[in-house]
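We name chains A, B, ... by the order of the sequence lines, and we start the count at 1 in each one. Computed from a prediction, not measured in an experiment: that's the story for all the values here. No hydrogens, no waters, no symmetry mates; every other heavy atom, side chains included, goes into these values.
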There are 2 protein chains.
Amino acid sequence: MARPGSKRGSGPAGSGAAETRAALIQGAIDALRDTGYAGASAREIARRAGCNQALIFYHFGSVDGLLLAALDEVSAVRLAKYQASVQRSGSSLTELVKTARSVFDEDLDRGYVAVLVAMIAGAQSSPALGAEVAARLAPWREFAAESLQPFLGGAPLAGMIRGEEVAHAIVALYLGLEMLASLDGDRAAALALFDRARRAASLLDLLGAGSSVREQR
Amino acid sequence: MARPGSKRGSGPAGSGAAETRAALIQGAIDALRDTGYAGASAREIARRAGCNQALIFYHFGSVDGLLLAALDEVSAVRLAKYQASVQRSGSSLTELVKTARSVFDEDLDRGYVAVLVAMIAGAQSSPALGAEVAARLAPWREFAAESLQPFLGGAPLAGMIRGEEVAHAIVALYLGLEMLASLDGDRAAALALFDRARRAASLLDLLGAGSSVREQR
DNA sequence: GTCTATACTTGGATAGAC
DNA sequence: GTCTATCCAAGTATAGAC
């Protein structure tokens, strides 16, 4: 079952074109997480991927092209996981917050949100990159809005808040918490906030228990 | 009143050492705001300051040294203004939120928070820089906690929230809103949030009107 | 204190051998 | 598809003239 067209395997494990692409993308994710956009150079990424710097340009055209592919990868993986987790958490706001907490925790471990933050920050250096990053952030924003929507329809707070506004705030808060956690090297403050939110949520769940929380219209 | 030691004035207006330092700091602020940490190179900053690239190393030792001086400048200027504004806004939460909104608006215009965001993001590239940035962020966090403290003591929500937690969330939210606004090139979503918060605050002000909102102990 | 000139390093990108 | 070699642009930093 040896793959054709691969003469030797000094690079990434497996050494087909797909494996090389995957290794480069993972190298880009690691570099963005550990050193930010400024440190995510072609040579640094290739070093982490264990292959040659020229391959970045062969497979992705440019460094920014690779970084955007890395962002795509992160977005796809995380969005799928988030959606599954949120669905599993059912219709209770308390459960949603608990899910958000564990997801945040895993994000910090894997550096997924760090990648997003680094790319948003790096996007300042070119308008074209900014547009690409914005397009990739859009699904996250929609997802936040959709996850919150069931709880805003007939909840006790109805009329006081609008879905997109809350979603915008949640996304901003998520990004900001990641920045502070990475700066401090300490996620305790962020996790404490999630715990506090969970308690507030359980209160809201109680208040809305008999009312129309689960109603559609 | 000609200053000694300055032979000619092709650089910044005035052309004393202090003027040059100020021009470089302003150039660094502009570069960080417009192009992020990755784009804030010695040559780019010097171009914006209208003077020579070598002067950065003469006056500040390194590019990072200048960027930190720029962050110092921003921190000092903004903190002074914030404190004055918050004191002027008195003891009503509604007024505090209104103040926060106008301050946020001005920050986006001048790019002050953009500088902070860029430096936090850029700090990923070196642990030493991270420590310096963290130290400069500390006063902002303390200020947020102090501003909120009068409203958390005996407010209706007392016991549900702790000051440092809220302050942490506010700072994170502020940073995140700045990131999203700069990415979108549109601050409307953020401003709408401030308006929503103001309405919520006026509700809280009403609820706490007769109670111990202003009590010290 | 400020400039020019320059040394040196790193980064993006391509050509061509294999 | 991958590697070596290389070009060129841009970056940090310093030396030395003025």
Side-chain angles (χ1 to χ4, degrees), chain A residues 2-25 27-28 31-32 35-70 118 122 125-126 128-129, chain B residues 2-25 27-28 31-32 35-70 118 122 125-126 128-129:
Chain A
R3 285 192 174 248
S6 65
K7 288 202 183 154
R8 63 177 163 293
S10 75
S15 279
E19 284 81 3
T20 298
R21 287 178 61 97
L24 283 172
I25 285 174
L32 279 172
T35 65
Y37 180 84
S41 68
R43 288 179 163 90
E44 173 65 18
I45 293 169
R47 190 185 63 76
R48 288 172 186 259
C51 70
N52 193 278
Q53 168 251 350
L55 289 174
I56 290 172
F57 304 95
Y58 175 78
H59 284 291
F60 300 95
S62 68
V63 174
D64 279 352
L66 169 55
L67 297 179
L68 286 173
S125 63
S126 106
L129 189 57
Chain B
R3 285 192 173 246
S6 65
K7 289 201 180 155
R8 65 176 161 293
S10 75
S15 279
E19 285 81 2
T20 296
R21 288 178 60 97
L24 284 172
I25 285 175
L32 279 172
T35 66
Y37 180 82
S41 68
R43 288 182 160 93
E44 175 65 19
I45 293 169
R47 190 185 63 77
R48 289 172 186 260
C51 70
N52 195 279
Q53 168 253 349
L55 289 174
I56 290 172
F57 304 94
Y58 176 78
H59 284 291
F60 300 95
S62 67
V63 174
D64 278 352
L66 169 55
L67 296 180
L68 287 173
S125 63
S126 107
L129 188 56

Checklist entry - Tell me: OH of B:Tyr58 to C1' of C:dT2, nearest whole Å? => result 9 Å
Item to check | Gap between atoms CZ and C1', on A:Phe57 and D:dA5 respectively (whole Å) | outcome: 15 Å
Checklist entry - How does protein contact run along nucleotides 5-11 of chain C, one letter per nucleotide 5' to 3', with B for base contact, S for sugar-phosphate only, - for none, heavy atoms under 4.0 Å? => result ------B
Checklist entry - What distance do B:Leu67 atom CG and B:Leu24 atom CG have between them, rounded to the nearest 0.5 Å? => result 11.0 Å
Checklist entry - Hey, what do you get for CZ (B:Arg43) to CD (B:Gln53), rounding to the nearest 0.5 Å? => result 5.0 Å
Checklist outcome for this item: Taken to the nearest 0.5 Å, the spacing of B:Ile25 CD1 from B:Thr20 OG1 works out to 11.0 Å
Checklist outcome for this item: From CZ of B:Phe60 across to P of C:dG1 the rounded distance in Å is 12 Å
Checklist entry - So which one's nearest nucleotide on DNA chain C is more toward 5', B:Leu55 or A:Gly61? => result B:Leu55
Checklist entry - At their closest point, which heavy atom of B:Ala54 faces which heavy atom of B:Asn52, and how far apart are they? => result N-OD1, 2.8 Å
Item to check | Between P of C:dA13 and CG of A:Leu67, the distance in whole Å | outcome: 11 Å
Item to check | Spacing of CD1 belonging to B:Ile56 relative to CD1 belonging to B:Ile45, to within rounding of 0.5 Å | outcome: 5.0 Å
Next on the checklist: From CD1 of B:Ile45 over to P of D:dA13, roughly how many Å is that when rounded to an integer?
Outcome noted: 11 Å
Checklist entry - Between atom CD1 in B:Ile56 and atom P in C:dT4, what is the gap in whole Å? => result 14 Å
Checklist outcome for this item: To the nearest angstrom, the NE2-C1' distance between A:His59 and C:dT14 comes to 16 Å
Checklist entry - In whole Å, what is the span from the CG atom of B:Asp64 to the C1' atom of D:dG11? => result 13 Å
Item to check | Spatial distance of atom SG (A:Cys51) from atom NE2 (A:His59) [nearest 0.5 Å] | outcome: 7.5 Å
Checklist entry - Counting only side-chain N and O atoms of B:Ser62, is one of them less than 4.0 Å from OP1 or OP2 of D:dT12? => result no
